[in-house]
Every structure is written in structure tokens, then in C-alpha cells.
There are 2 protein chains.
Amino acid sequence: MPADSSTLPEIRLDLAPPDIETPLAAALLLADRNRAGILAILRDGPHCVCELAAALDERSNNVSNHLARLRDAGLVRASRMALDTRRVYYERDEAACTAALAQLRTLLEPTR
Amino acid sequence: MPADSSTLPEIRLDLAPPDIETPLAAALLLADRNRAGILAILRDGPHCVCELAAALDERSNNVSNHLARLRDAGLVRASRMALDTRRVYYERDEAACTAALAQLRTLLEPTR
DNA sequence: GTAGTGTGTCACCCGCGGCTGAGATATATG
DNA sequence: CATATATCTCAGCCGCGGGTGACACACTAC
């Protein structure tokens, strides 16, 4: 027990647990070598799964798994192109990526 | 083998693997409930380990472990304050947090 | 000195998530 | 139709990282 509690900082044991569910979900999506690589590669336009797999030196089914995660989160879109309907081309959803970045800002940007 | 390769998009199997080490490291740091919570709580100023542990409903040694990770990455600083030298107060390094956010921008921001 | 509190360190356990392999589906060609 | 390529799905395995427990260390009060 402190001798002089008025000069000591008050200990706050009743701080509210912060709501970090959404930014945490965004961080978890980026916290994987292959998913981060996919998003980086797709910055320069759409690519098909086999191109991504070759660039990442991973198997296509593994890349497809990660693409499904990103697709479920809305960060990428899939589409078959007219002249090459066998392949599935993926492209970034820039609006969703910006939204995810905004979530991460709530963790890393000062409140001010 | 395509019958008419001139009308089909060229498949790029020689894409360079992107360098994502630094943004990946930043994402891995944020991709944990307790570390994300610590950064969120510290937005409103320094707090000691026991306060963080209480807010996160975690044991102090566990919180201390995560603080060490954030400290090694430079995102937070530790200091003992004059009037309360028993406790260790942690505060965000806003410059480092901004730098980490800049790394994540390389994944989520359009290149333009 | 001893006792008590706050924090740090580390080995260990264990669950979660990434990778794999097998199979299914889709599209094209012969 | 059969064959080939590209992608998708999912159960299972396994390594990595977070939580725990025990202990050491730092500081205060007595």
C-alpha cells in the first residue's frame, strides 16, 4: 500500500477492453506470406491462379485456398475472361482494400 | 497448346516474387488479439503492464511477453516513471507505428 | 535483513491454421 | 465420347506460435 497515494498515479484496473475485431480480422488476412504476396502481385492488374502460383512458387490448389479467403473477405474478385475462359482471373477490389487499410489505421494511427 | 495463341492472353509464368518481408512482419505483429489490444489501449497514453493485463483479461506475464515483441519491433517504449518506479509504463512510438502503417500501405494501397 | 508487489524470462503444452493429396468440377479440343 | 488443362473443395497431417506455470529479477515498505 503506497504511503502517499495522492502523488502516485492512479492505477486503472477498469479500462474497457478495446473493440479490435475488425482490424484484427484485416491483420490476420495479411499475416500470411502467400496472401500478402497475392495482394502485392495483383497491384499491377488481374492475374490467373497459375500465374500467381508460379510467382509464389506454390501449388495452385494452395493458392486457390488463399484466394478463397481473400475473396470471402471481399479483397479480391474472380472472373473468367472472354478469350480465356478456362482460367480464372483475380483482381483486387480497391475499395475493399482501402477499407481494410482504414481498419488497420485504427490500430496504428495516433488518435489526435 | 492453344490453337490461336495470338488471341489468347499471354500467360506470365516468370513473374517476380514480390518482396513482402517488411509488410508481412508488420501484419504478423498486429495479427494477435492481445497485441492489437495493447496498441489500441495505448492510444490514450501510457499504461503499466498490470493495467493492460486487467483491460485485456490476461495474465501479466503473458502481456509482458507480447509487450516484448512490440518493444523489439520498436512499436512501443518502456520506462519507469519517477513517482512510481515499481511499475513499468509503456507508450506507443508513434513514428514507428506510422512506419508500420506505411508498410501495410504497400499491400493495400493502389500503386497508381 | 524479510515480505510483498510488479515485471521479465523461458521451457513446455496444445490448439489453430497452412500445406498437401485426392478427388470433383469446368472448359476446350479431337 | 475421351483426354487434357485449370481451378476448386476438403479431410488430414503437422509445424508454429500463443498461453501457462515456475522462477528470477526489480523495487518498496517494514
Side-chain angles (χ1 to χ4, degrees), chain A residues 1-5 7-13 20 24-25 27-38 46-73 76-90, chain B residues 1-5 7-13 24-25 27-38 46-73 76-91:
Chain A
M1 196 170 295
D4 184 4
S5 62
T7 60
L8 280 179
E10 284 296 321
I11 312 159
R12 296 290 309 273
L13 296 180
I20 53 165
L24 179 58
L28 285 169
L29 272 177
L30 299 184
D32 176 84
R33 169 166 260 97
N34 288 324
R35 287 194 297 272
I38 288 171
H47 288 284
C48 64
V49 179
C50 56
E51 286 175 336
L52 295 170
L56 297 170
D57 194 27
E58 290 288 337
R59 313 204 171 179
S60 58
N61 59 349
N62 189 20
V63 173
S64 182
N65 275 326
H66 287 293
L67 282 167
R69 296 270 307 266
L70 294 172
R71 185 159 30 88
D72 290 344
V76 302
R77 280 187 302 262
S79 64
R80 292 191 190 263
M81 296 173 71
L83 289 176
D84 191 4
T85 55
R86 274 188 310 183
R87 297 187 233 281
V88 177
Y89 281 79
Y90 282 86
Chain B
M1 197 168 295
D4 186 4
S5 63
T7 60
L8 279 180
E10 284 298 321
I11 312 160
R12 296 289 309 276
L13 295 181
L24 179 58
L28 285 169
L29 272 176
L30 299 184
D32 175 83
R33 169 167 261 94
N34 287 324
R35 287 194 297 273
I38 288 170
H47 288 285
C48 64
V49 179
C50 58
E51 285 174 337
L52 295 170
L56 297 170
D57 196 24
E58 290 288 337
R59 313 205 173 182
S60 58
N61 61 347
N62 188 20
V63 173
S64 183
N65 275 325
H66 287 293
L67 282 167
R69 298 268 308 263
L70 295 173
R71 185 158 30 88
D72 290 344
V76 302
R77 280 187 301 263
S79 65
R80 292 190 189 264
M81 297 173 68
L83 290 174
D84 192 3
T85 55
R86 276 188 308 183
R87 296 186 235 280
V88 176
Y89 282 80
Y90 282 86
E91 62 181 350

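Proteins get letters first, then strands, A, B, ... in listed order; numbering begins at 1 in each.
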In short, the helix from C:dG1-D:dC30 to C:dG30-D:dC1 is bent end to end, axes from five pairs each side, to 10°, by 10°
Side chains of residues 64-72 of chain B: which donor-acceptor partners sit under 3.5 Å, not counting sequence neighbours?
from    : atom 1 : to      : atom 2 : distance (Å)
B:Asn65 : ND2    : B:Asn61 : O      : 3.4
B:His66 : ND1    : B:Arg35 : NH1    : 3.1

Atom [atom1] in [X], atom [atom2] in [Y]: separation rounded to 0.5 Å?
{"X": "A:Tyr89", "Y": "A:Cys48", "atom1": "OH", "atom2": "SG", "value": "4.5 Å"}
{"X": "B:Glu51", "Y": "B:Arg87", "atom1": "CD", "atom2": "CZ", "value": "7.5 Å"}
{"X": "B:Asp32", "Y": "A:Leu24", "atom1": "CG", "atom2": "CG", "value": "7.5 Å"}
{"X": "A:Glu58", "Y": "A:Arg33", "atom1": "CD", "atom2": "CZ", "value": "9.5 Å"}
{"X": "A:Ile38", "Y": "A:Leu29", "atom1": "CD1", "atom2": "CG", "value": "11.0 Å"}

Quick check on [N]: is either OP1 or OP2 less than 4.0 Å from any side-chain nitrogen or oxygen of [X]?
{"X": "B:Arg69", "N": "D:dG18", "value": "yes"}
{"X": "B:Thr85", "N": "D:dA26", "value": "no"}
{"X": "A:Arg87", "N": "D:dA6", "value": "yes"}
{"X": "B:Asn62", "N": "D:dG21", "value": "no"}

Taken in chain and number order and not counting sequence neighbours, the residues that satisfy side chain to side chain contact (heavy atoms under 4.5 Å, CB included) with B:Ala53 are B:Ser60, B:Val63
Contacts of B:Ala31 meeting side chain to side chain contact (heavy atoms under 4.5 Å, CB included) (sequence neighbours excluded), chain-then-number -> A:Ala27, A:Leu28, A:Ala31
Nearest-Å distance for atom pair [atom1]/[atom2], residues [X] and [N]:
{"X": "B:Asp84", "N": "D:dC27", "atom1": "CG", "atom2": "P", "result": "12 Å"}
{"X": "B:Leu30", "N": "D:dG17", "atom1": "CG", "atom2": "P", "result": "16 Å"}
{"X": "A:Leu24", "N": "D:dG17", "atom1": "CG", "atom2": "P", "result": "16 Å"}
{"X": "A:Ile38", "N": "C:dC19", "atom1": "CD1", "atom2": "C1'", "result": "14 Å"}

State which of [options] makes the closest approach to the side chain of [X].
{"X": "A:Asp32", "options": "D:dT9, C:dG18, C:dG8", "answer": "C:dG18"}
{"X": "A:Tyr90", "options": "C:dT27, C:dT7, D:dC8", "answer": "D:dC8"}
{"X": "A:Ser64", "options": "C:dC19, D:dC8, C:dG8", "answer": "D:dC8"}
{"X": "B:Arg35", "options": "D:dT7, D:dG18, C:dT9", "answer": "D:dG18"}
{"X": "A:Glu58", "options": "C:dG21, C:dT7, C:dT20", "answer": "C:dT20"}
{"X": "A:Val49", "options": "D:dG19, C:dA28, D:dC8", "answer": "D:dC8"}
{"X": "A:Ser60", "options": "D:dT7, C:dT9, C:dA28", "answer": "D:dT7"}
{"X": "A:Arg59", "options": "C:dT20, C:dT7, D:dT9", "answer": "C:dT20"}
{"X": "A:His66", "options": "C:dT7, D:dT28, C:dC19", "answer": "C:dC19"}

Applying side-chain hydrogen bond (donor to acceptor under 3.5 Å, both in side chains) to A:Arg12 and not counting sequence neighbours gives A:Asp14
Applying salt bridge (Lys or Arg N to Asp or Glu O under 4.0 Å) to B:Arg59 and not counting sequence neighbours gives none
Can you name the atoms? Protein N/O to nucleotides 10-15 of chain D N/O, anything below 3.5 Å, with the distance.
from   : atom 1 : to      : atom 2 : distance (Å)
D:dC10 : N4     : A:Asn65 : ND2    : 3.2

